[in-house]
Amino acid sequence: MSETDYTGDEPLKLTAKRLWRFMKPHRWGLMLSVVAFVLVAATEPLIPKLLGYALGEGFQSKSASASSSLPALGGEATLPAATTSTAAAAASAAEAPAASAASGTARTAATASIAGASASTAATPAASAAAAAPAKPTVEYSFPVWMVPIVLIGLFGLRGLFSFCGQYMLNWTISRTVMDIRAALLQVLLKADARVYTSLQPATAVTKVVNDPQQVVTLIAGALVTVLRDGLPALALMGYLFVLNWQLTLLSMITVPGLAFVVRKVNKRVRKMGSWAYDAQLRLVSVVEDVTRAWRVVRSFDAADYERKRFAERAREVQRSALKTAAANAMAQPLSQLMASVGISIIVSLALLQSRQNQTGVGEFASFVTALLFMSSRLRHLSDVMQPITNALVVARGCMGMLDTPAEPDTGTKELHGARGDIALERVTLRYPGASRDALAALDMRIPAGRTTALVGSSGAGKTSVVNLLMGFERPDGGRITLDGVAIDELTKANLRRQFAVVSQDIVLFDASVADNIAYAQERDDAKLEQVLRAAALWDFVQSLPEGLDSSIGANGSKLSGGQRQRLAIARALYKDAPVWIFDEATSALDTESERAVQQALEHWQGRKTLIVIAHRLSTIRRADCIQVLADGQVVESGNHDELMARDGAYAGMVKVQH
């Protein structure tokens, strides 16, 4: 399977459905985010409404006189209060009883009349002046000025709160979705068929598992925020515009078909360029991974210029593809804005004409135009939504394609407990894909429990193929393999591999401490760690490290020498304490003294463990109970060292060559 298989022509709709399956478990967070943004959108029409109300009502006043009894200008004057009072007093004096009409009474009445006339004469000018002076009016406005900051600050405060809640819940959903996608992709890698790793670059796998999910969901989240933050308010403003003037609002839809055409054409270009850019990025990552992993080879061959040239070619390809993708993305906004400007100019002009003809107030016109401009601003942002979504789906198609990676067949249902380690291969045939001949041809082999069996032969004879079959990494094309009489294909893969501890010729260590590498995926036991480190002739070295067992060994044991890395791998195999130990060229990097120490340690387990030793250096296997000599995928000789030397066959010839 090639890398391009993961970024094939899977429809983006199918990719979107796959992506939704990971988001669906966290849909409640997404729904709460939508609700929060809906509340934000609900406040959007209030801004032009308040602006129109402020412009229409804020500058108008209601005037009232100081008293409700003030006459209108030019109305009839009423009698002053002082004059009325004086007349009443005079009338009261004139109605005195006739019985007092004596001369004294007449004199008193005359005096009162003269006094009343004098009072009336004195009061009349003051009353007339008061009546002639205009009353100071009281000015009343539709709302007090102090309400403006309160309403505006409160409105924007609510909008900010709802917006924060919406974005927080959306990012909560995003982070959970990214975590689930990464976990699913890692599970695929852990269960993938062994043959997948022959074509899958490690750097490509890292990119697809770690970087791509974050990039995909971030792009989609940004687009979703834009849709919620701008799309919902745009809908609310659209409804408000329909309420104000449905004819003009309906007319504004004339540009929608043009916008749809532009978006469709641009997205087609973006998809094409995005796929090219994604594949180019993966090829560039592979170059960097090669330089990092094989830095010793690069320097030993003085290949810096070659690698620099190779990197420059890939980087230039990425730069060209990225530029073309950016150009495709950049076309959408100006084209959509041009289409939108046509509609807006028509609507504003018609709204202005209607306002002039119908003599509508400035408040209504201001509300309509403000809402229209707000909506056009929101729509401008929405015009950029499809590009990040398209780019995200292109990247998602690459990483989601890994979900189709064929899993390792695991049809077994049985489990072995307390296995002895008796192994038999009966007429086993194996041919690798694309090979012209069989790696193993009707191979028959018996590996007794508790014995040490050595496999020797030239390169390509089939030694490592036997190990791959025993571990279940390969499936035989014919024949049968049994462990303690049980066919290994009837055992679960996990149970089968628990029966083996392997030290391969390709040492793989983890960027962790000494203890973590030895007790890998097992409980840590310091006493047992010391025991296996002594057996691997590595205890003294570990004790000399600054942090002892907790000292870091670097990426793939980069802080160790070749022999130390190999001894650490041996200690890890011994720590597993499996019934069958396999050593595939496990001591090839050791000096003679260290190799002898390891062999003496292994002899302590002879008779209690089944040991399978693969070696080209024949001096290391002389004490093996049985030596199987392989050639062209078949056993050509079998016996112990003395028996095979006595036959003077293939094994004896190899021993003579090495001496």
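All residue numbers in this chain count up from 1 along the given sequence.
- Inter-residue side-chain proximity for Asp648 and Lys656 is flagged as met; some heavy-atom pair is nearer than 4.5 Å.
- The residues Glu317 and Arg320 are annotated as not salt-bridged, no charged nitrogen and carboxylate oxygen being separated by less than 4.0 angstrom.
- Residues Leu185 and Leu403 form a side-chain contact, since some pair of their non-hydrogen atoms from C-beta on lies under 4.5 Å apart.
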(message) Checking Ile612 against Leu470 for the side-chain contact (heavy atoms from CB on, under 4.5 Å) test, could you report, in this order, the C-alpha distance in whole Å, the side-chain angles of both residues, the deciding distance, and whether it holds?
(response) CA-CA 11 Å; Ile612 301 175; Leu470 293 178; 3.8 Å; yes

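- A 4.5 Å side-chain heavy-atom check between Leu538 and Val514 finds every atom pair outside the cut-off.
- The backbone N or O of Pro409 lies less than 3.5 Å from a partner atom in the side chain of Lys493, making a donor-acceptor pair.
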(request) Applying side-chain contact (heavy atoms from CB on, under 4.5 Å), run through Leu189 and Leu200 and close with a yes or a no. (result) CA-CA 10 Å; Leu189 289 178; Leu200 180 62; 3.8 Å; yes

(message) Evaluate Arg21 against Asp180 for salt bridge (Lys or Arg N to Asp or Glu O under 4.0 Å), listing each step before the verdict.
(response) CA-CA 10 Å; Arg21 287 204 299 267; Asp180 290 350; over 6 Å; no

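- Minimum heavy-atom separation, Ile570 to Ala536: CG2-CB, 4.3 Å.
- Shown are Gln628, Glu643, His641, Glu637; of these, the side-chain hydrogen bond (donor to acceptor under 3.5 Å, both in side chains) with Tyr651 is made only by His641.
- In terms of modelled atom types and a separation under 3.5 Å, the side chain of Ser544 and the main chain of Phe541 share a donor-acceptor contact.
- Put simply, OG1 on Thr620 and CG on Leu618 are 7.0 Å apart, with the number rounded to the nearest 0.5 Å.
- You'll find the side chain of Leu455 reaches within 4.5 Å of the side chain of Met445, heavy atoms only.
- Using a distance-only test at 3.5 Å, with no hydrogens or angles considered, no donor-acceptor pair links the side chain of Asn556 to the main chain of Ser558.
- Nearest heavy atoms, Ser552 versus Asp511: OG-OD1, 3.8 Å.
- Between atom OG1 of residue Thr413 and atom CG of residue Leu491 there is a gap of 8.5 Å, rounded to the nearest 0.5 Å.
- The CD1 atom of Ile488 sits 13.5 Å away from atom NZ of Lys414, with the distance rounded to the nearest 0.5 Å.
- Judged by distance alone, the side chain of Arg565 and the main-chain N or O of Ile507 form a donor-acceptor pair under 3.5 Å.
- Residue-environment remark: CZ (Arg182) exceeds the threshold of 12 foreign heavy atoms within 6.0 Å.
- The closest donor-acceptor contact from the side chain of Asp477 to the backbone of Arg431 lies under 3.5 Å.
- For the pairing with Leu611, the side-chain contact (heavy atoms from CB on, under 4.5 Å) check across Asp625, Ile582, Thr452, Ile447 returns one residue only, Thr452.
- In summary, Glu408 and Arg497 engage in a salt bridge, as defined by a charged side-chain N under 4.0 Å from a carboxylate O.
- Listed for the Asp444 side chain is a donor-acceptor partner under 3.5 Å among the backbone atoms of Arg427.
- Within a 6.0 Å sphere centred on CZ of Arg647, other residues, nucleotides and ligands contribute more than 12 heavy atoms.
- Under a 3.5 Å cut-off, the side chain of Arg18 and the backbone N or O of Met400 do form a donor-acceptor pair.
- Contact annotation: the side chain of Arg283 approaches that of Asp279 to within less than 4.5 Å [non-hydrogen atoms, C-beta and beyond].
- By the 4.0 Å N-to-carboxylate-O rule, Asp577 lies too far from Arg608 to be salt-bridged with it.
- Below 30°, between 30° and 60°, or above 60°: for Phe510 and Tyr520 the angle between ring planes is below 30°, a parallel geometry.
- A salt bridge links Glu307 with Arg310; the closest basic N to acidic carboxylate O contact falls under 4.0 Å.
- Scanning all heavy atoms of the two residues, the minimum distance from Arg475 to Leu469 falls at C-CD2, 4.0 Å.
- Side-chain atoms of Asn468 never come within 3.5 Å of backbone atoms of Phe473 as a donor-acceptor pair (strictly under, hydrogens ignored).
- For the pair Arg524 and Asp526, the minimum side-chain heavy-atom distance is below 4.5 Å.
- Under a 3.5 Å cut-off, the side chain of Arg397 and the backbone N or O of Thr15 do not form any donor-acceptor pair.
- Side chains of Asp516 and Ser513: a donor-acceptor N/O pair is present below 3.5 angstrom, by distance only.
- Judged by distance alone, with hydrogens and angles left aside, the side-chain atoms of Lys463 form a donor-acceptor pair with the main-chain N or O of Gly457 at under 3.5 Å.
- When all heavy atoms of Pro448 and Thr610 are compared, the closest pair comes out as O-CG2, 3.7 Å.
- Residue Asp632 places its CG atom among 12 or fewer non-hydrogen atoms of other residues, nucleotides or ligands, all under 6.0 Å distant.
- Taking each heavy atom of Arg572 and Ile518 in turn, the nearest pair found is CG-O, 3.6 Å.
- Ion pair Arg622/Asp642 not flagged as a salt bridge, since none of the NZ, NE, NH1 or NH2 atoms sits closer than 4.0 Å to an Asp/Glu carboxylate oxygen.
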(message) Would Val502 and Asp584 count as a side-chain contact (heavy atoms from CB on, under 4.5 Å) here? Give the steps.
(response) CA-CA 8 Å; Val502 182; Asp584 186 357; 5.5 Å; no

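- Here the CZ atom belonging to Arg480 is positioned 5.5 Å from the OG1 atom belonging to Thr482, to the nearest 0.5 angstrom.
- With values rounded to the nearest 0.5 angstrom, Ser504 atom OG is found 11.0 Å from Glu585 atom CD.
- Considering only heavy atoms from C-beta on, Leu440 stays 4.5 Å or farther from Thr429 through its side chain.
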(message) Using the rule given for side-chain contact (heavy atoms from CB on, under 4.5 Å), can you reason through Ser286 versus Arg314, listing the C-alpha separation, both sets of side-chain angles and the distance that settles it, and then say yes or no?
(response) CA-CA 10 Å; Ser286 296; Arg314 298 302 187 190; over 6 Å; no

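- Shortest non-hydrogen contact noted between Gln214 and Val178 is OE1-CG1, 3.7 Å.
- Residues Ser459 and His616 are in side-chain contact: their nearest non-hydrogen atoms beyond the backbone lie under 4.5 Å apart.
- The distance from atom CG of Leu529 to atom CG of Leu574, rounded to the nearest 0.5 Å, is 11.5 Å.
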